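Presented below is the structure to which this report refers.
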Amino acid sequence: MKEFYSQVNRKIYYIVMLLNITLMISGLILSTTELKGINFGYIVQFLCVMILSISLWIYPKYETYTFRKIIILFGFAYFYTLFFLYPQTWTTYILICLIPALSILFFDLKLFYFSFIINGILMVITFSYVIFIDKGELYTYLHHDIIGNIINIIAVQALLFFIFHLSFKRMKKQQLYYEQLQQSERLKMVGQLTAAVAHEIRNPITVVRGFLQLFKEDDSFDDSKKSKFNLMIDELNTVEQIISQFLTLSKPNGDQRLEKVDVKDVLQSVTGLLHSYAMLSDNQIDIKVEEDCFISINKIEFKQLLINIIKNALEASDVGKSVSVIANRNNNFIEIMITDEGSGMSEAEVKSLGTPFYSLKSNGTGLGLMICFNIVEKYGGEIYYNSSKGKGTTVTIRFLSESGGIYND
């Protein structure tokens with residue numbers, strides 16, 4: 001809900017809540033004359049009004065599931081207190097029928113089911129009291145047509161259920177569309193930027209590599225220096241390859257030449273490359289891969305994806321900790337899970353991953369992870385982050401198994 005808040009929405013929220021709080025306090029004041037004194041029920045009503053008023057007012061600053069549940073529970077306490085405290089006021093009956101509508105304020109599916117079930121249980125208890133204990137003495141308007149009232153309650157609950165699910169589904173679709181639109185704009189912006197930068201970088205690299213190749217053929221240099229020229233040329237080739245991969249952001253639907261890739265071979269190659277990097281922080285990479293895990297993908301891009309993700313896991317891990325890499329077959333999919341033992345991330349930080357120029361590293365650009373997301377999407381895969389503060393992070397990458405998909409040689 002937090003991401004949908006704007007300044008206008010906050011103003012509307014506070015105006016509506018101020019109106020509700022005013023109505024609750026007015027009812028509290030007027031009830032002193034109707035009750036002719038203060039009793040236990042009035043004290044409960046007073047506490048519910050105070051707690052609900054404070055909770056609703058400060059809610060935008062503390063949007064947690066626990067805080068929402070507190071508001072719902074005290075909402076139940078408030079409306080059912082009104083129902084039993086003022087038995088002759090038939091409008092309280094309508095209010096207890098509509099209590100699950102409170103969860104619509106939060107658009108929380110789990111909370112809606114919670115309030116829906118709680119209200120169902122309380123309704124059964126309430127009508128049992130009206131039928132077997134009260135017997136129409138106080139709740140005449142209910143007892144007069146008990147079957148009709150029960151049918152009405154069921155109808156209202158069904159209507160609330162339908163309204164909530166319809167609204168929730170539309171909200172989710174809008175949110176997904178909004179996120180896809182944002183991602184499309186990011187890809188377009190970064191694609192244009194990388195295409196321009198890559199073009200400017202390639203020119204001087206070509207010149208430098210040409211001179212190095214010329215020096216390598218010069219007999220005035222000994223073999224020791226020529227080997228260094230070879231090393232520099234190899235590194236420039238690596239830079240050229242990385243630039244080409246950056247250009248895939250500007251041409252995401254380019255030539256997708258697929259290979260039958262053995263996940264175990266690639267993971268062993270990548271972990272071998274990163275072993276010395278891990279040793280710098282006294283970290284280890286524990287790898288466990290099932291046999292015969294094949295996917296259809298461009299091998300170079302797959303290696304780049306794994307290097308980025310595992311390297312991030314190593315950098316996130318505390319000194320001396322291990323990074324676990326597990327790959328196995330799950331039905332028609334190959335799943336690769338990379339788990340670190342770092343400090344973890346908040347929900348908001350996880351949602352921002354893949355955003356250009358968003359990085360949790362002090363010197364990071366966020367482009368590396370964005371390329372990873374782009375590679376996964378390009379080959380029809382999925383990538384999930386499961387993380388919480390103080391508990392590390394698990395990255396799950398899923399691709400269709402080569403035997404379960406289309407393979408183009």
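Here the structure is a predicted model, which means the values were calculated and not measured. The figures that follow rest on heavy atoms only: side chains count, while hydrogens, waters and symmetry mates do not.
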Other residues, nucleotides and ligands only: do more than 12 of their heavy atoms fall within 6.0 Å of [atom1] on [X]?
X: Trp90; atom1: CH2; value: no
X: Glu347; atom1: CD; value: no
X: Tyr62; atom1: OH; value: no
X: Phe46; atom1: CZ; value: no
X: Lys389; atom1: NZ; value: yes

Is a side-chain N or O of [X] found less than 3.5 angstrom from the main chain of [Y], in a donor-acceptor match?
X: Asn330; Y: Phe333; result: no
X: Ser388; Y: Lys391; result: no
X: Asn119; Y: Ser115; result: no
X: Gln157; Y: Ile154; result: no

How would you list, by chain and number, every residue that makes a side-chain contact (heavy atoms from CB on, under 4.5 Å) with Ser343, sequence neighbours excluded?
-> none
Check [X] against [Y] and note the closest heavy-atom contact, atom names and distance.
X: Ile72; Y: Ser103; result: CD1-N, 3.8 Å
X: Gly75; Y: Leu102; result: CA-CD1, 4.1 Å
X: Leu314; Y: Gln284; result: CD2-O, 4.5 Å
X: Leu267; Y: Val289; result: CD1-CG2, 3.7 Å
X: Leu305; Y: Cys372; result: CD1-CB, 3.6 Å
X: Leu18; Y: Thr22; result: O-OG1, 2.7 Å

[X] side chain near [Y] side chain, heavy-atom distance below 4.5 Å:
X: Leu400; Y: Tyr379; value: no
X: Leu109; Y: Phe164; value: yes
X: Leu214; Y: Phe229; value: no
X: Val44; Y: Tyr42; value: no
X: Val323; Y: Thr339; value: no
X: Phe74; Y: Leu47; value: no
X: Thr396; Y: Ile336; value: no
X: Ile58; Y: Phe67; value: yes

Presence of salt bridge, Lys321 and Asp340, under 4.0 angstrom = no
Is the closest basic N to carboxylate O distance between Glu335 and Arg329 below 4.0 Å?
-> no
Taking the six-membered ring of Phe221, is the NZ or CZ of Lys216 close enough (under 6.0 Å from the centre) and on axis enough (within 45°)?
-> no
Apply the test side-chain contact (heavy atoms from CB on, under 4.5 Å) to residues Leu19 and Tyr14: give CA-CA distance (whole Å), side-chain angles for both, the deciding distance (0.1 Å), then the verdict.
-> CA-CA 9 Å; Leu19 179 63; Tyr14 282 121; over 6 Å; no
Please assess Ile125 against Ser128 for the test side-chain contact (heavy atoms from CB on, under 4.5 Å), listing each intermediate value before the final yes or no.
-> CA-CA 5 Å; Ile125 295 170; Ser128 297; 5.7 Å; no
Roughly how far apart are [X] [atom1] and [Y] [atom2], rounded to 0.5 Å?
X: Leu353; Y: Met345; atom1: CG; atom2: CE; result: 5.0 Å
X: Lys173; Y: Arg170; atom1: NZ; atom2: CZ; result: 8.5 Å
X: Met24; Y: Gln45; atom1: CE; atom2: CD; result: 10.0 Å
X: Ile71; Y: Thr66; atom1: CD1; atom2: OG1; result: 11.5 Å
X: Lys303; Y: Lys299; atom1: NZ; atom2: NZ; result: 7.0 Å
X: Thr271; Y: Asp286; atom1: OG1; atom2: CG; result: 10.5 Å

Kindly indicate, with the supporting measurements, whether the criterion side-chain hydrogen bond (donor to acceptor under 3.5 Å, both in side chains) is fulfilled by Thr393 and Ser387.
-> CA-CA 4 Å; Thr393 302; Ser387 184; 2.8 Å; yes
Worked verdict on Leu274 versus Ile285 for side-chain contact (heavy atoms from CB on, under 4.5 Å) | CA-CA 9 Å; Leu274 293 174; Ile285 304 173; 4.0 Å; yes
Got a sec, which pairs hit side chain to side chain donor-acceptor pair (under 3.5 Å) with one end in residues 158-169, sequence neighbours left out?
-> Tyr113-His165
Take Asp222 and Ser224, measure what side-chain hydrogen bond (donor to acceptor under 3.5 Å, both in side chains) needs, and give me the verdict at the end.
-> CA-CA 6 Å; Asp222 57 32; Ser224 175; 4.6 Å; no
For the residue pair Phe83 and Tyr139, categorise the inter-ring angle as parallel (less than 30°), tilted (30 to 60°) or perpendicular (more than 60°).
-> parallel
Can you give the donor-acceptor pairs under 3.5 Å from side chains of residues 91-99 to other protein atoms, not counting sequence neighbours?
from	atom 1	to	atom 2	distance (Å)
Thr92	OG1	Thr89	O	2.8
Tyr93	OH	Asn149	O	3.2
Tyr93	OH	Asn149	OD1	3.3

Kindly determine whether Tyr86 and Gln88 satisfy side-chain hydrogen bond (donor to acceptor under 3.5 Å, both in side chains), including the steps that lead there.
-> CA-CA 6 Å; Tyr86 310 103; Gln88 302 304 323; over 6 Å; no
Aromatic contact, Phe161 with Phe116 (centres under 6.0 Å) | yes
Please confirm whether Phe84 and Tyr129 have ring centers closer than 6.0 angstrom.
-> yes
Between Tyr13 and Tyr59, does a side-chain contact (heavy atoms from CB on, under 4.5 Å) hold up when you go through it step by step?
-> CA-CA 10 Å; Tyr13 174 84; Tyr59 167 70; 3.6 Å; yes
